[in-house]
Amino acid sequence: MEENLLFTRIKALADLSGKSINQVAKDLGYPRNSLNNYKRNKIPSAVRLFELARYFEVAPEYLLGEIDDCSVKAVEQIFHRLTTEQKQEMYNLCQDWLFERMELLEENRDQQSVIQKRD
């Protein structure tokens with residue numbers, strides 16, 4: 001029987017964090033092997049779904065397979081935990097990164113223009 005997407009994603013996130021499924025269950029205070037119940041299409045309660053999502057810092061919709069991008073919620077959660085000073089520093093870093101990218105794009109366009117003029 002095929003594992004369902006919920007279990008597959010929980011297992012992959014556990015692997016990414018260097019933990020076993022049983023370690024994740026232990027960290028969350030669940031009985032041993034309780035997460036293995038999701039292998040065969042058992043659906044978690046809403047509370048457990050949110051606990052798992054919070055633990056892995058992903059959206060509950062990702063665990064359920066409704067969205068495929070697991071990073072969106074994690075980035076938002078990390079950002080909301082930052083202090084005002086840290087948020088300002090993040091803003092400055094992003095701004096610097098964007099300006100560097102814009103400069104690279106302009107240099108690339110200039111190089112393309114020179115190449116086209118030669119042809």
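Residue indices begin at 1 and follow the sequence shown.
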Q: By salt bridge (Lys or Arg N to Asp or Glu O under 4.0 Å), which residues pair with K19, not counting sequence neighbours?
A: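 K19 satisfies salt bridge (Lys or Arg N to Asp or Glu O under 4.0 Å) with D27 once adjacent residues are dropped.
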
Q: Could you report the tightest heavy-atom contact between P44 and L6, atom names first, then the distance?
A: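 Looks like CD-CD2, 3.3 Å.
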
Q: Let me confirm one number: the CE-CD distance from M90 to E85, rounded to the nearest 0.5 Å.
A: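 These two atoms lie 13.5 Å from each other.
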
Q: Who pairs with D68 by salt bridge (Lys or Arg N to Asp or Glu O under 4.0 Å), at least two apart in sequence or on another chain?
A: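 Partners of D68 under the salt bridge (Lys or Arg N to Asp or Glu O under 4.0 Å) test: R9.
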
Q: Between atom CG of N37 and atom CD1 of I43, what is the distance when rounded to the nearest 0.5 Å?
A: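 Going from the CG atom of N37 to the CD1 atom of I43 covers 11.5 Å.
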
Q: Is any side-chain heavy atom of R40 closer than 4.5 Å to a side-chain heavy atom of N4?
A: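 They are not in contact (no side-chain heavy atoms under 4.5 Å apart), so the answer is no.
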
Q: For E106, which residues count as a side chain to side chain contact (heavy atoms under 4.5 Å, CB included) partner, sequence neighbours excluded?
A: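 E106 satisfies side chain to side chain contact (heavy atoms under 4.5 Å, CB included) with R109 only.
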
Q: If you compare all heavy atoms of A14 against all heavy atoms of V24, which two are closest, and at what distance to 0.1 Å?
A: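 Looking at all heavy atoms of both residues, the closest pair is CB-CG2, 3.8 Å.
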
Q: Between T8 and K11, is any pair of side-chain heavy atoms under 4.5 Å apart?
A: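 Side chain of T8 against side chain of K11, heavy atoms only: no contact under 4.5 Å found.
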
Q: Which heavy atom in A25 sits nearest to a heavy atom in P31, and how many Å separate them?
A: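 A25 and P31 have their closest heavy atoms at CB-O, 3.9 Å.
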
Q: Do the side chains of Y55 and L13 get nearer than 4.5 Å, heavy atoms only?
A: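 No, every pair of side-chain atoms sits at 4.5 Å or beyond.
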
Q: First locate atom CD of E107, then atom CG of L105, and finally report the distance between them rounded to the nearest 0.5 Å.
A: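 Reported to 0.5 Å precision, the distance equals 9.5 Å.
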
Q: For the atom pair CG (L63) and OH (Y38), what is the distance rounded to the nearest 0.5 Å?
A: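 Between atom CG of L63 and atom OH of Y38 there are 10.5 Å.
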
Q: Just to verify, what does L98 make a side chain to side chain contact (heavy atoms under 4.5 Å, CB included) with, not counting sequence neighbours?
A: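 Partners of L98 by the side chain to side chain contact (heavy atoms under 4.5 Å, CB included) criterion come out as none, since no residue qualifies.
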
Q: Only pairs under 3.5 Å count here: list side-chain donor-acceptor contacts from residues 45-52, not counting sequence neighbours, and write none if there are none.
A:
from: S45; atom 1: OG; to: R48; atom 2: N; distance (Å): 3.1
from: E51; atom 1: OE1; to: Y30; atom 2: OH; distance (Å): 2.4

Q: If you look only at pairs with a residue in residues 86-97, which of them pass as a side-chain hydrogen bond (donor to acceptor under 3.5 Å, both in side chains), with sequence neighbours excluded?
A: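 For residues 86-97, and leaving out neighbouring residues, the side-chain hydrogen bond (donor to acceptor under 3.5 Å, both in side chains) pairs sorted by first residue read T83-Q86, Q88-N92.
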
Q: Please report the interatomic distance NZ(K26) to CD1(I21), rounded to the nearest 0.5 Å.
A: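 The CD1 atom of I21 is 15.5 Å from NZ of K26, to the nearest 0.5 Å.
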
Q: Drop me the distance from N22's CG to N36's CG, to the nearest 0.5 angstrom.
A: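 If we round to the nearest 0.5 Å, N22:CG and N36:CG are 6.0 Å apart.
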
